[in-house]
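One structure below.
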There are 2 protein chains.
Amino acid sequence: MKSEKISDAVVRRLPVYLRFLNQLTMQEVLTVSSQELGQKLDLNPAQIRKDLAYFGDFGRKGIGYDVSYLIEKIRYILNLDQQINVALIGAGNLGQALSNYNAYLKDNMKIVAVFDTYEGKIGTSINNIVVQPIDQLTDTIVKNNVKIGIITVPGSEAQRVADELISAGIRAILNFAPVILKTPPDIRVHNADFTTDLLSLAYYLQDKDDKDVASHES
Amino acid sequence: MKSEKISDAVVRRLPVYLRFLNQLTMQEVLTVSSQELGQKLDLNPAQIRKDLAYFGDFGRKGIGYDVSYLIEKIRYILNLDQQINVALIGAGNLGQALSNYNAYLKDNMKIVAVFDTYEGKIGTSINNIVVQPIDQLTDTIVKNNVKIGIITVPGSEAQRVADELISAGIRAILNFAPVILKTPPDIRVHNADFTTDLLSLAYYLQDKDDKDVASHES
DNA sequence: TAGATTGTTAATCGATTAACAATC
DNA sequence: TAGATTGTTAATCGATTAACAATC
């Protein structure tokens with residue numbers, strides 16, 4: 001084990017490992033090798049071993065990794081051994097879809113508050129959580145020790161919401177709005193806007209041999 | 001301009017550029033430099049110039065990039081100068097949220113078909129599209145020349161749906177299900193599962209100096 | 001002309017993969 | 001023991017950034 005700084009690429013693979021290991025548990029598989037993991041997850045086995053070795057010697061030579069032990073370790077690394085409170089800002093379609101997803105729950109992530117500006121939404125319940133007006137955001141976040149905010153408001157409001165979240169003490173943001181947020185360096189932001197993902201897929205629909213971009217004339 | 005193979009990282013930035021350029025158009029900005037772009041999008045200006053230069057000489061030395069010209073070029077590169085038909089499989093909460101997002105529309109992406117297995121859903125309308133039973137998938141996809149599939153079914157069904165989409169002739173998949181799909185190499189898959197994104201955020205909530213993962217005992 | 005900014009090469013940085021000794 | 005598989009080093013690959021001549 002080394003004490004290098006762990007790269008984002010490594011951290012983002014940990015939940016993928018965790019997810020698959022949980023599946024293995026359900027199938028009552030006790031042990032797994034980096035080779036098997038690599039095959040199922042479409043990753044290089046050496047990469048998987050290296051990723052895990054950043055955090056400790058979790059495997060056994062000649063055997064592989066004990067599934068439940070590795071789950072426990074990854075959960076610990078990701079801070080999922082404690083409950084992590086999440087706030088959702090924006091109770092529109094997408095926000096509702098996300099709050100109904102209680103897949104987080106089993107991983108100790110819990111949406112504990114939902115906010116919206118629209119009067120018609122405020123006071124209604126989404127997945128047993130009452131939608132609050134946005135001016136209660138700071139209060140609620142502080143009181144409930146919320147650490148992560150999920151932004152599902154329109155792009156035009158996203159920066160303002162992010163600023164409020166940050167001044168309320170939030171540490172990380174999952175941003176679904178189609179804008180690049182300006183945030184201090186100690187705040188972690190992951191962009192989850194799927195429109196850019198979808199548009200980039202379009203690039204691969206055509207054999208570019210047929211197409212000469214440079215000489216495309218207006 | 002070169003004829004190297006363009007990396008995925010470059011392609012994924014193109015929609016980000018496009019999105020911001022569209023904003024500039026609305027503000028009636030005519031010209032933009034890589035420096036300005038870099039500042040707003042939190043990217044290195046040299047990277048932006050290099051990205052664009054893969055596809056042609058779009059800028060003017062001493063001036064910068066003509067906003068509307070660059071928009072046109074990027075749209076052409078991404079194949080967004082023609083309508084691209086999309087199918088959505090899974091009319092649950094998330095599927096509904098995505099189909100209501102008609103932000104694609106202005107970029108020539110259109111959801112033309114929605115499928116589900118649940119009888120209660122079939123025949124109902126989502127955003128003016130009638131939900132079809134999944135056994136009509138192949139037929140509809142072929143008839144409507146659908147090129148991209150968005151998978152919003154449960155993980156347990158995702159692989160089966162992907163297989164059907166592929167045999168129906170689809171070229172690219174945006175996968176929201178929490179599984180790694182097995183697909184032929186000529187099929188482009190982007191994973192959009194936000195649970196892994198969210199879980200990875202948890203890693204950054206704690207100063208790891210306080211925490212010694214290696215010596216964490218079970 | 002002077003200032004600004006591109007396109008591109010070279011340098012750097014970082015991430016992935018191969019290879020293998022250690023060892024279960 | 002023989003076979004399997006880890007942890008880790010070294011090699012490779014690829015992506016980002018710096019620097020600058022060209023030029024508007």
Side-chain angles (χ1 to χ4, degrees), chain A residues 1-14 16-17 21 24 29-71 73-74 77 180 200 203 213-215, chain B residues 1-14 16-17 21 24 29-71 73-74 77 180 200 203 213-215:
Chain A
M1 190 223 168
K2 0 225 176 106
S3 308
E4 305 170 38
K5 209 180 132 271
I6 310 296
S7 86
D8 190 38
V10 174
V11 174
R12 279 172 184 266
R13 281 191 293 269
L14 295 179
V16 178
Y17 301 153
L21 291 165
L24 289 180
V29 175
L30 298 180
T31 292
V32 68
S33 68
S34 61
Q35 175 127 153
E36 294 170 83
L37 280 170
Q39 215 196 318
K40 298 294 189 180
L41 301 178
D42 222 359
L43 295 171
N44 184 298
Q47 182 171 63
I48 295 172
R49 293 200 297 278
K50 200 161 195 281
D51 283 356
L52 297 174
Y54 282 117
F55 303 100
D57 289 0
F58 299 153
R60 289 214 292 157
K61 292 187 171 74
I63 311 287
Y65 299 90
D66 181 276
V67 172
S68 61
Y69 180 72
L70 192 53
I71 286 175
K73 287 299 185 181
I74 295 179
I77 294 163
I180 304 298
S200 71
Y203 174 81
V213 175
S215 65
Chain B
M1 189 226 168
K2 0 225 177 104
S3 308
E4 305 170 38
K5 208 180 134 271
I6 310 296
S7 86
D8 189 38
V10 174
V11 173
R12 279 172 184 266
R13 281 190 292 268
L14 295 178
V16 179
Y17 300 154
L21 290 165
L24 289 181
V29 175
L30 298 179
T31 290
V32 68
S33 69
S34 61
Q35 175 126 153
E36 294 170 82
L37 281 171
Q39 215 196 319
K40 298 294 188 178
L41 301 178
D42 220 1
L43 296 170
N44 184 298
Q47 182 171 64
I48 294 172
R49 294 199 298 278
K50 200 161 197 276
D51 283 355
L52 297 173
Y54 282 117
F55 303 99
D57 290 1
F58 299 151
R60 289 215 291 158
K61 293 186 171 74
I63 310 288
Y65 299 89
D66 182 277
V67 173
S68 60
Y69 180 71
L70 192 52
I71 286 174
K73 288 298 186 183
I74 295 180
I77 294 163
I180 304 298
S200 71
Y203 175 81
V213 175
S215 65

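So that the names make sense, note that chain A is the first sequence line, chain B the second, and so on, each numbered from 1. Keep in mind that what you see is a predicted model, and the values were worked out from it rather than measured. Just so you know, these numbers use all the heavy atoms, side chains as well, and skip hydrogens, waters and symmetry mates.
- Across the protein-nucleic acid pair, I48(A) atom CD1 and dA18(C) atom C1' stand 15 Å apart, rounded to whole Å.
- Here the side chain of A46(B) is nearest to one of dG7(D), dA19(D), dA18(C), namely dA19(D).
- In this structure, I48(A) CD1 and L43(A) CG are separated by 5.0 Å, a value rounded to the nearest 0.5 Å.
- Protein atom CD of Q47(B) is 13 Å distant from nucleotide atom C1' of dG14(D), rounded to whole Å.
- A heavy atom lying under 4.0 Å from DNA chain D marks the following residues of residues 32-42 of chain A, by number: S33(A), S34(A).
- Distance, R12(A) CZ to dA15(C) P: 13 Å, rounded to whole Å.
- The side chain of N44(B) lies closest to dT17(D) when the candidates are dT8(C), dT17(D), dG7(D).
- One finds no side-chain N or O of Y54(B) lying less than 4.0 angstrom from the OP1 or OP2 phosphate oxygen of dA15(D).
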Give me the distances for all protein-to-nucleotides 20-24 of chain C N/O pairs that come in under 3.5 Å?
from: dC24(C); atom 1: O4'; to: K61(A); atom 2: O; distance (Å): 3.0
from: dC24(C); atom 1: O3'; to: R60(A); atom 2: NH1; distance (Å): 3.0

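- Put simply, CG on L52(B) is 16 Å from P on dT5(C), counting in whole angstrom units.
- The side chain to side chain donor-acceptor pair (under 3.5 Å) search around E36(B) returns S33(B), not counting sequence neighbours.
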Taking N or O atoms only and anything under 3.5 Å, show me the protein contacts with nucleotides 10-13 of chain C, one pair per line.
none

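- For the salt bridge (charged side-chain N to carboxylate O under 4.0 Å, His left out) test, residues two or more places apart in sequence or in another chain that qualify with D8(A) are R12(A), R188(A).
- If you measure from atom NZ of K5(A) to atom P of dG14(C), you get 9 Å, rounded to the nearest angstrom.
- Here the straight-line distance linking atom CD1 of I74(A) with atom CZ of R13(A) works out to 12.0 Å at 0.5 Å rounding.
- Within the 4.5 Å cutoff, side-chain heavy atoms of F55(A) are placed close to those of V10(A).
- Note that CG of L14(B) is 13.5 Å distant from NZ of K73(B), once rounded to the nearest 0.5 Å.
- Here CG of L37(B) is found 7.5 Å from CG of L70(B). Values are rounded to the nearest 0.5 Å.
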Problem set entry | side-chain contact (heavy atoms from CB on, under 4.5 Å) evaluation trace for I77(B) with V11(B) | CA-CA 9 Å; I77(B) 294 163; V11(B) 173; over 6 Å; no
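- Rounded to a whole Å, the CG atom of D57(B) is 18 Å from the P atom of dT5(C).
- Residues passing the salt bridge (charged side-chain N to carboxylate O under 4.0 Å, His left out) test with R49(A): none are found, sequence neighbours excluded.
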Please report, to 0.1 Å, the donor-acceptor pairs under 3.5 Å made by any side chain of residues 60-68 of chain A, with sequence neighbours excluded.
from: D66(A); atom 1: OD1; to: S68(A); atom 2: N; distance (Å): 3.3
from: D66(A); atom 1: OD1; to: S68(A); atom 2: OG; distance (Å): 3.2
from: D66(A); atom 1: OD1; to: Y69(A); atom 2: N; distance (Å): 2.9

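- Of all heavy-atom pairs between Y17(A) and D51(A), the closest is OH-OD2, 2.6 Å.
- One finds the CD atom of Q39(A) at 12.5 Å from the CG atom of N44(A) (value rounded to the nearest 0.5 Å).
- Scanning DNA chain D for stems, defined as runs of 3 or more consecutive Watson-Crick or G-U wobble pairs whose donor-acceptor distances all fall under 3.5 Å, gives the following ranges: C:3-24 with D:3-24.
- Put simply, CD1 on I6(B) is 11 Å from P on dA15(D), counting in whole angstrom units.
- Taking atom CG of D51(B) as the reference point, atom P of dT16(D) lies 7 Å away to the nearest angstrom.
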